[in-house]
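Before any comments, here is the structure.
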There are 2 protein chains.
Amino acid sequence: MSRETPTGDELLAMLAALASPHRLRIVAALAEGRSYVSELARRLRMNRPLLYMHLQKLEAAELVVGTLETAPDGSSVKWFDLAPFALTLTAQTIATAVPTLTVPGQKDEEKQ
Amino acid sequence: MSRETPTGDELLAMLAALASPHRLRIVAALAEGRSYVSELARRLRMNRPLLYMHLQKLEAAELVVGTLETAPDGSSVKWFDLAPFALTLTAQTIATAVPTLTVPGQKDEEKQ
DNA sequence: GCCCCCTGTCAGAGAATACTGACAGTCTGG
DNA sequence: CCAGACTGTCAGTATTCTCTGACAGGGGGC
């Protein structure tokens with residue numbers, strides 16, 4: 001997954017996922033070790049469904065990985081780990097990624 | 001300006017500024033050379049006031065620099081250049097920046 | 001049975017953003 | 001004077017995102 005050049009859409013997804021104080025805080029919290037939804041919600045003092053939503057966005061951008069683990073006793077907990085990521089943001093990397101951005105209303109007739 | 005560790009707020013501002021397909025495209029366009037609002041609007045085929053707004057966000061995040069130049073003949077054009085920037089995004093850099101995030105309703109009593 | 005911990009999902013309110021057309025103003029050149 | 005370049009700003013709408021409380025469910029232990 002450590003491709004040298006992310007596609008425009010991947011880049012955008014990562015940026016959008018990180019462009020939120022809550023989600024930055026979540027990443028920072030997970031940098032100290034894995035955690036699960038309810039525990040994190042208590043630690044960061046935020047509404048659990050809200051945290052849940054943010055975690056899903058981070059997961060969609062592949063910045064965190066969630067694993068629902070069912071313990072031998074049957075109780076299940078969803079652990080979240082940070083995904084290893086390293087993104088270098090420069091005019092260069094952006095210029096490289098942009099051409100691969102998919103535009104919503106774009107087919108092929110675009111400039112015709 | 002190439003501080004090793006941006007503050008949480010700066011980091012967030014840059015991320016928020018880049019987390020938009022339009023603004024990524026703008027950065028990519030400016031990577032090929034300076035331009036001015038009207039010309040860029042034609043090139044990127046977007047509404048000028050809209051582009052104007054996006055440019056302001058990029059400028060606020062210090063990713064582009066705008067200079068209103070009044071030519072010797074009196075006509076003025078606002079040129080936009082890319083600001084040199086290099087941002088490395090890892091769990092580490094984020095974890096370092098997060099503690100300096102300012103929270104809207106935060107004074108000092110926070111955890112008391 | 002009851003209480004506690006966990007996950008997952010929803011509808012709806014509220015707030016923030018994106019986007020548009022239109023207008024005001026300045027300067028040039030025919 | 002008029003047409004053509006610009007820049008800058010606005011009000012209003014459309015759309016998207018954030019956030020909340022509430023609910024349904026699973027399981028453990030007393």
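These numbers come from a predicted model, not from an experiment. All chains are named by letter (A, B, ...) in the order of the sequence lines, taking the proteins before the strands, and each is independently numbered beginning at 1.
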Linked, directly or transitively: B:M14 and B:M53 (ILVMFWY side chains, under 4.5 Å): no

Nearest-Å distance for atom pair CG/C1', residues A:L40 and C:dT7: 14 Å

Nucleotides 12-30 of chain D: protein proximity per nucleotide (B base, S sugar-phosphate only, - neither; heavy atom, under 4.0 Å): -----SSBBBB----SS--

By side chain to side chain contact (heavy atoms under 4.5 Å, CB included) - contacts of A:S75 (at least two apart): A:A71, A:D73

Nonpolar side-chain network containing B:L68, other nodes, edges under 4.5 Å: none

Neighbours of DNA chain D within residues 29-38 of chain B, by heavy-atom distance under 4.0 Å: B:Y36, B:V37, B:S38

Gap between atoms CG and P, on B:L12 and C:dA16 respectively (whole Å): 14 Å

Non-hydrogen atoms of A:A95 and B:A31 that approach each other most closely: CB-CB, 4.2 Å

Those residues that, when tested against B:A97, pass side chain to side chain contact (heavy atoms under 4.5 Å, CB included) (two or more places apart): B:L11

A:L51: partners by side chain to side chain contact (heavy atoms under 4.5 Å, CB included), with sequence neighbours left out: A:I26, A:V37, A:L40, A:A41, A:M46, A:L55

Relative orientation of the end axes in the helix from C:dG1-D:dC30 to C:dG30-D:dC1, expressed as an angle to the nearest 10° (five pairs per end): 0°

Whole-Å distance separating the NZ atom of A:K78 from the C1' atom of C:dC5: 17 Å

ring-ring contact (aromatic ring centres under 6.0 Å, His included): pairs with one or both residues in residues 43-67 of chain B, sequence neighbours excluded: B:H22-B:H54

Residue list, ring pair (Phe, Tyr, Trp, His ring centres under 6.0 Å) with B:F85, at least two apart or on another chain: none

Atom-pair distance (CD on B:E69; P on C:dC27), nearest Å: 17 Å

Residues that A:Y36 engages under ring pair (Phe, Tyr, Trp, His ring centres under 6.0 Å), provided they are two or more places apart: A:W79

Qualifying residues under salt bridge (Lys or Arg N to Asp or Glu O under 4.0 Å), relative to A:R42, sequence neighbours excluded: none

Partners passing salt bridge (Lys or Arg N to Asp or Glu O under 4.0 Å) against B:R48 (at least two apart in sequence or in another chain): none

Protein-nucleotide distance (B:E39, atom CD; D:dC6, atom P), rounded to Å: 8 Å

Any B:Y52 side-chain nitrogen or oxygen under 4.0 Å from OP1 or OP2 of D:dT9: yes

